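Scroll down for the structure; my scribbles are underneath it.
Worth saying up front: this structure is predicted, and the values here are computed from it rather than measured. Just so we're on the same page: letters track the sequence lines, and every chain starts at 1.
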Amino acid sequence: MTTESISLTQHDMNFSLTPDDWTVISLSLKVSMVAVAAMLPIAFALAWMLARWRFPGKLLLDALVHLPLVVPPVVTGWLLLILFGINGPVGRWLDQWFGVTLLFRWTGAALAAAIMAMPLMVRAMRLSIEAVDRRLEQAAQTLGASRLRSFLSISLPLSLPGVLAGAMLGFARSIGEFGATITFVSDIPGETRTLPIAIYAALQVPGAETTVSRFAIISVLLSLGALLLSELLARRVTQGRMPHVL
Amino acid sequence: MSFDIAVRVRLGDRNIALACRSDARLIALIGPSGAGKTSILNMVAGLLTPDDGHIAIGGRRLFDSKAGIDLPVADRHAGYLFQDLRLFPHMRVEANLRYGRRPGGRLSQEDMLAFLGIGHLLHRMPASLSGGEAQRVAIGRALLSAPRFLLMDEPLTGLDRERREEILPLIERLRDEIGLPILYVTHDLREAERLADLIVEIPDR
C-alpha cells in the first residue's frame with residue numbers, strides 16, 4: 001500500500017463533525033421535514049383525487065403532478081424563481097400580504113424540496129388509497145357512519161401505512177434535492193446550504209475530500225434509512241399484493 | 001305493510017326489477033346468480049339508486065322517485081349482512097360490533113353476544129375467525145346498529161353443512177323473536193322454502 005492511500009484512509013477515518021457540519025446536517029433535516037410536512041396534506045388530497053374522482057382534466061393533473069419527476073430539476077428551480085422570485089406573481093403577493101420571502105431562504109429550499117418530492121409522495125399514497133376496499137366504506141355507511149366518519153375510521157387508517165411510506169420516500173428525495181434548490185435559493189451557508197449543496201461546494205475547494213466523503217456518507221445513510229422504512233411500511237400495507245415502492 | 005317495493009334499474013344491458021307488497025316477515029329473493037338479487041338489496045340499502053319506483057319498509061318510505069325522496073344510506077337503518085361480510089379488517093371483533101351501535105336496538109349487547117354465541121371472540125381480529133364465526137359477528141354488527149329491517153345476502157353460501165345448521169336456526173329466531181322485516185337473497189330453493197313466508201323469483205334477463 002502506498003503512503004498516499006494510507007494517508008487518505010486516515011483522512012476518511014476522521015469522522016468528527018465540525019459545528020459547520022452540524023449546521024449543514026440540521027439545516028438539511030429541517031428543510032426536508034418541513035417540506036414533507038407541508039406537502040403531506042396536499043399530496044394526500046392529490047392522491048385521493050387521482051385515485052377516487054373522475055373529472056375532466058384528470059389526465060392533465062396526473063401529468064402535472066409527475067412533471068417534477070421528468071423535467072430537469074434546474075428547470076423546476078427556474079420556474080420557482082419566476083413564480084416565487086421578488087417580482088414573480090406569487091412571490092410579490094406573499095411579500096406584500098404576509099411579508100414572506102422565499103428566495104434565498106431556507107423556506108425556499110423547503111418549497112423546492114417539497115415540489116421535487118411531490119410526485120413520489122403522491123404515487124405511494126395513491127397506490128395505498130386504491131388498495132382500500134371501497135365496499136368496506138359502503139358497509140360503514142349502512143351502519144350509520146357519515147362520509148367523514150367512514151373516511152376517518154376506515155379509509156384513512158387502511159391507507160395510513162402507504163401514506164407514511166410516501167412521507168418517508170418524500171423525505172429521502174428531499175434530503176437529496178440539489179438542482180431545483182441551488183437554482184432557486186442559491187448556496188448560502190447556514191441558510192440554504194443543505195447536504196448536497198455542501199458536497200458540491202466542497203468539491204469546488206481543493207483538499208476538501210474528507211468533507212465531501214463525510215457528507216456523502218451521511219447523505220447515503222439518511223436516504224437509505226428513509227427508503228428502507230418506506231419499503232417496510234409499504235409491505236405492511238399491501239401484504240405483498242401491490243407494486244413495491246422500491 | 002312490511003314491504004312495499006317497486007323498483008327498476010338498468011345496469012349495462014341488464015334490466016333489474018322487483019315489485020312486491022307483502023306483510024311477510026321474511027321475503028326470499030331467489031334466482032340464478034347474475035339475475036340482480038344483490039342489486040335489489042343495494043337499492044333498498046341506498047347503495048344503488050333505482051331509475052324509478054318506490055321503497056317502503058315497515059311503513060317507512062326510504063325512496064320514492066315521484067315524491068323526490070331518497071334517504072341517505074346512513075339514515076335508512078338497514079341491517080345489511082353482505083355476502084362477503086365486510087368486517088373491518090383493522091379492527092377487533094369488539095370494535096366491529098361497536099362500530100354501528102345505536103340506541104334503540106331490540107337486543108342489548110349482552111343479549112346479542114349470548115344470542116349469537118360470540119362473547120369469547122371480542123378480542124380477535126377478523127382475519128383469525130372461521131367462516132361461521134365471522135358470519136355471526138357480521139350478524140351481530142348489523143343487529144347492534146338498531147336496524148329497522150334486515151337485508152341478508154346469501155348468508156349460508158360458502159359455509160359447510162355443519163355451519164349452515166348453526167346459522168339457520170339463528171335466522172329463524174331473528175325472524176320469529178326479534179320481529180324485524182327480512183329481505184333474504186338465496187339461490188337455494190329449499191333454504192327459501194324453510195325460511196320465507198313469501199318467495200319472489202328474480203328471473204335472469
Turns out that what part of Arg141(B) lies under 4.5 Å from chain A's heavy atoms comes down to both
Rounding to 0.5 Å, atoms CG (Leu136(A)) and CE (Met91(B)) come to a distance of 9.0 Å
Scanning both residues in full, the closest heavy-atom pair of Ala74(B) with Ala145(A) reads CB-O, 3.7 Å
Okay, Arg102(B) and chain A: the region with an atom under 4.5 Å from a heavy atom over there is side chain
Taking atom NE2 as the centre, does His123(B) end up with more than 12 heavy-atom neighbours from other residues, nucleotides or ligands that are less than 6.0 angstrom away?
no
Bottom line for Leu151(B): the part with an atom under 4.5 Å from chain A's heavy atoms is neither
CG (Leu41(B)) and OG1 (Thr142(A)) are apart, to the nearest 0.5 Å, by 11.5 Å
Are more than 12 heavy atoms from other residues, nucleotides or ligands located less than 6.0 Å from atom CZ of Arg60(B)? yes
Exercise. Could you tell me whether a side-chain N or O of Arg135(A) sits under 3.5 Å from a main-chain N or O of Arg86(B), the two making a donor and an acceptor?
Key: no
Rounding to 0.5 Å, atoms OH (Tyr80(B)) and CD (Gln138(A)) come to a distance of 8.5 Å
Does Arg194(B) CZ have over 12 foreign heavy atoms under 6.0 Å away? yes
>> Counting C-beta onward and ignoring hydrogens, is there a side-chain heavy-atom pair between His90(B) and Ile154(A) closer than 4.5 Å?
In response: yes
Cut-off 4.5 Å, heavy atoms of chain A, and the answer for Tyr99(B) is both
Turns out that what part of Arg149(A) lies under 4.5 Å from chain B's heavy atoms comes down to both
Shortest non-hydrogen pair, Leu158(A) vs Pro89(B), comes out as CD2-CG, 4.1 Å
Turns out that what part of Asp75(B) lies under 4.5 Å from chain A's heavy atoms comes down to neither
Exercise. Do other residues, nucleotides or ligands put more than 12 heavy atoms under 6.0 Å from Arg175(B) CZ?
Worked result: yes
Note to self: Other residues, nucleotides and ligands only: do more than 12 of their heavy atoms fall within 6.0 Å of CH2 on Trp48(A)?
What the structure shows: yes
